[in-house]
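This report refers to the structure that appears directly beneath it.
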Amino acid sequence: MAFSVTNNAVLRSFYGEYQNLAKRSNRSSVSEKELDYADSTALKRAIKSFASTEFNSVKDSVDSTGPVKNFAKKLKAFVDTYNYTRESSSASSNSDLKQLSKKMQKFVDKYSSELKSAGIKIGDDGYLSLSESLEIKTTERYKELFDKDSDFLKGLNQLAGNMVRHIDIVV
């Protein structure tokens, strides 16, 4: 395991009907195709969740119980969902998913400096992590990456959608 996951309600909501797969201990009990499908659809939901985000400047930020705290949970769940998707797709026997996983990592690597400035690190293994010193007091610094019209989210959403389409599973 190259990354750790914080199982929270936001992460489980991204997984929807597969919310049990948000917990690492439950992931070995399902088929590879089901895991691939659950992860890639969860990533699409995570990306979609940013569409309703209002990005606040410091003067507009709210205390730690409001929208800023909710954004922090959403950001962590996004990172976890990305990592799970990357893990399952790169280990998949489906060659299309493996290729898409590599494309996804190359795509995310193109945004490494923007991610780093937002407190998101890309490890040597390609997995994302939030900086341990990250304290979100405002969401403004995330607007460039996570606004519904950002090139980053649009590109990542397209890749996740391609993954979903390459999984042969009856759901």
Side-chain angles (χ1 to χ4, degrees), residues 3 5-19 21-22 35-58 60-62 66-90 92 96-123 125-131 134-167:
F3 58 92
V5 174
T6 305
N7 193 327
N8 64 40
V10 177
L11 179 62
R12 290 188 302 275
S13 74
F14 290 165
Y15 275 84
E17 65 191 72
Y18 295 100
Q19 66 180 297
L21 299 180
L35 189 60
D36 290 337
Y37 180 80
D39 288 342
S40 54
T41 55
L43 182 57
K44 283 191 64 64
R45 283 188 197 108
I47 292 165
K48 186 178 180 180
S49 75
F50 288 108
S52 62
T53 300
E54 291 188 33
F55 294 92
N56 301 315
S57 64
V58 175
D60 297 330
S61 66
V62 196
V68 172
K69 184 175 182 182
N70 291 335
F71 182 83
K73 288 179 184 178
K74 187 187 308 187
L75 189 62
K76 175 60 179 153
F78 165 79
V79 166
D80 291 342
T81 304
Y82 171 86
N83 288 339
Y84 269 156
T85 304
R86 173 122 167 62
E87 178 183 64
S88 64
S89 61
S90 64
S92 179
D96 291 327
L97 285 183
K98 281 187 176 195
Q99 185 178 14
L100 285 165
S101 179
K102 289 177 185 175
K103 282 184 179 181
M104 186 169 67
Q105 182 175 349
K106 285 181 184 176
F107 177 79
V108 169
D109 284 345
K110 287 190 328 188
Y111 289 89
S112 62
S113 62
E114 292 92 336
L115 288 164
K116 185 177 181 181
S117 70
I120 302 170
K121 298 184 285 185
I122 303 173
D125 54 8
Y127 293 106
L128 301 180
S129 64
L130 294 179
S131 171
L134 180 65
E135 186 177 344
I136 300 175
K137 294 183 179 181
T138 175
T139 58
E140 181 67 26
R141 73 191 261 197
Y142 299 94
K143 186 173 185 171
E144 183 180 333
L145 281 171
F146 295 103
D147 182 72
K148 65 182 174 193
D149 296 323
S150 77
D151 290 338
F152 176 70
L153 281 187
K154 285 179 180 178
L156 198 55
N157 189 49
Q158 183 177 15
L159 287 164
N162 287 342
M163 287 179 165
V164 171
R165 284 187 290 281
H166 281 91
I167 301 167

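Side chains included, hydrogens not; waters and symmetry mates left out as well; all remaining heavy atoms used.
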query: To the nearest 0.5 Å, how far apart are CG in Asn70 and CG in Leu75?
result: 12.5 Å

message: Using the rule given for side-chain hydrogen bond (donor to acceptor under 3.5 Å, both in side chains), can you reason through Asp147 versus Tyr142, listing the C-alpha separation, both sets of side-chain angles and the distance that settles it, and then say yes or no?
response: CA-CA 8 Å; Asp147 182 72; Tyr142 299 94; over 6 Å; no

query: With distance as the sole test, does Lys73 use its side chain to make a donor-acceptor pair with the main-chain N or O of Asn8 at under 3.5 Å?
result: no

- prompt: Does Leu156 reach the side chain of Phe78, with side-chain heavy atoms less than 4.5 Å apart?
  reply: yes

Distance (rounded to the nearest 0.5 Å) between Arg45 CZ and Thr81 OG1: 10.0 Å

message: Closer than 3.5 angstrom, by distance alone: can the side chain of Thr85 be matched with the main-chain N or O of Asp39 as a donor-acceptor pair?
response: yes

field: Euclidean distance, Leu97 CG relative to Ser40 OG, rounded to 0.5 Å
entry: 7.0 Å

query: So, for Arg12 and Ala22, which heavy atoms are closest and what is the spacing to 0.1 Å?
result: CG-CB, 4.1 Å

- prompt: Lys103 and Asn162: side chain to side chain contact (heavy atoms under 4.5 Å, CB included), yes or no, with the steps?
  reply: CA-CA 11 Å; Lys103 282 184 179 181; Asn162 287 342; over 6 Å; no

field: side chain to side chain contact (heavy atoms under 4.5 Å, CB included) evaluation trace for Phe14 with Lys48
entry: CA-CA 10 Å; Phe14 290 165; Lys48 186 178 180 180; over 6 Å; no

query: Do Arg86 and Asn83 get their side chains close enough for a donor-acceptor pair, meaning under 3.5 Å?
result: no

- request: With the side chain counted from C-beta on, respond yes when Met104 and Met163 share a heavy-atom pair under 4.5 Å apart, and no when they do not.
  value: yes

- prompt: What pair of heavy atoms forms the shortest contact from Ser92 to Asp36, and how long is it?
  reply: OG-OD2, 3.0 Å

Set of residues satisfying ring-ring contact (aromatic ring centres under 6.0 Å, His included) with respect to Tyr111, sequence neighbours excluded: Phe107, Phe152

- prompt: Take atom CD in Gln105; do more than 12 heavy atoms of anything else shown fall under 6.0 Å from it?
  reply: yes

query: Quick one: does Tyr127's side chain get under 4.5 Å of Tyr84's, heavy atoms only?
result: no

- request: Could you tell me which residues satisfy side chain to side chain donor-acceptor pair (under 3.5 Å) with Ser89, sequence neighbours excluded, listed by chain and number?
  value: Ser101

query: Closest heavy-atom contact between Phe50 and Phe71?
result: CE2-CE1, 3.6 Å

Spacing of Lys44 atom NZ and Ser49 atom OG [to the nearest 0.5 Å]: 12.5 Å

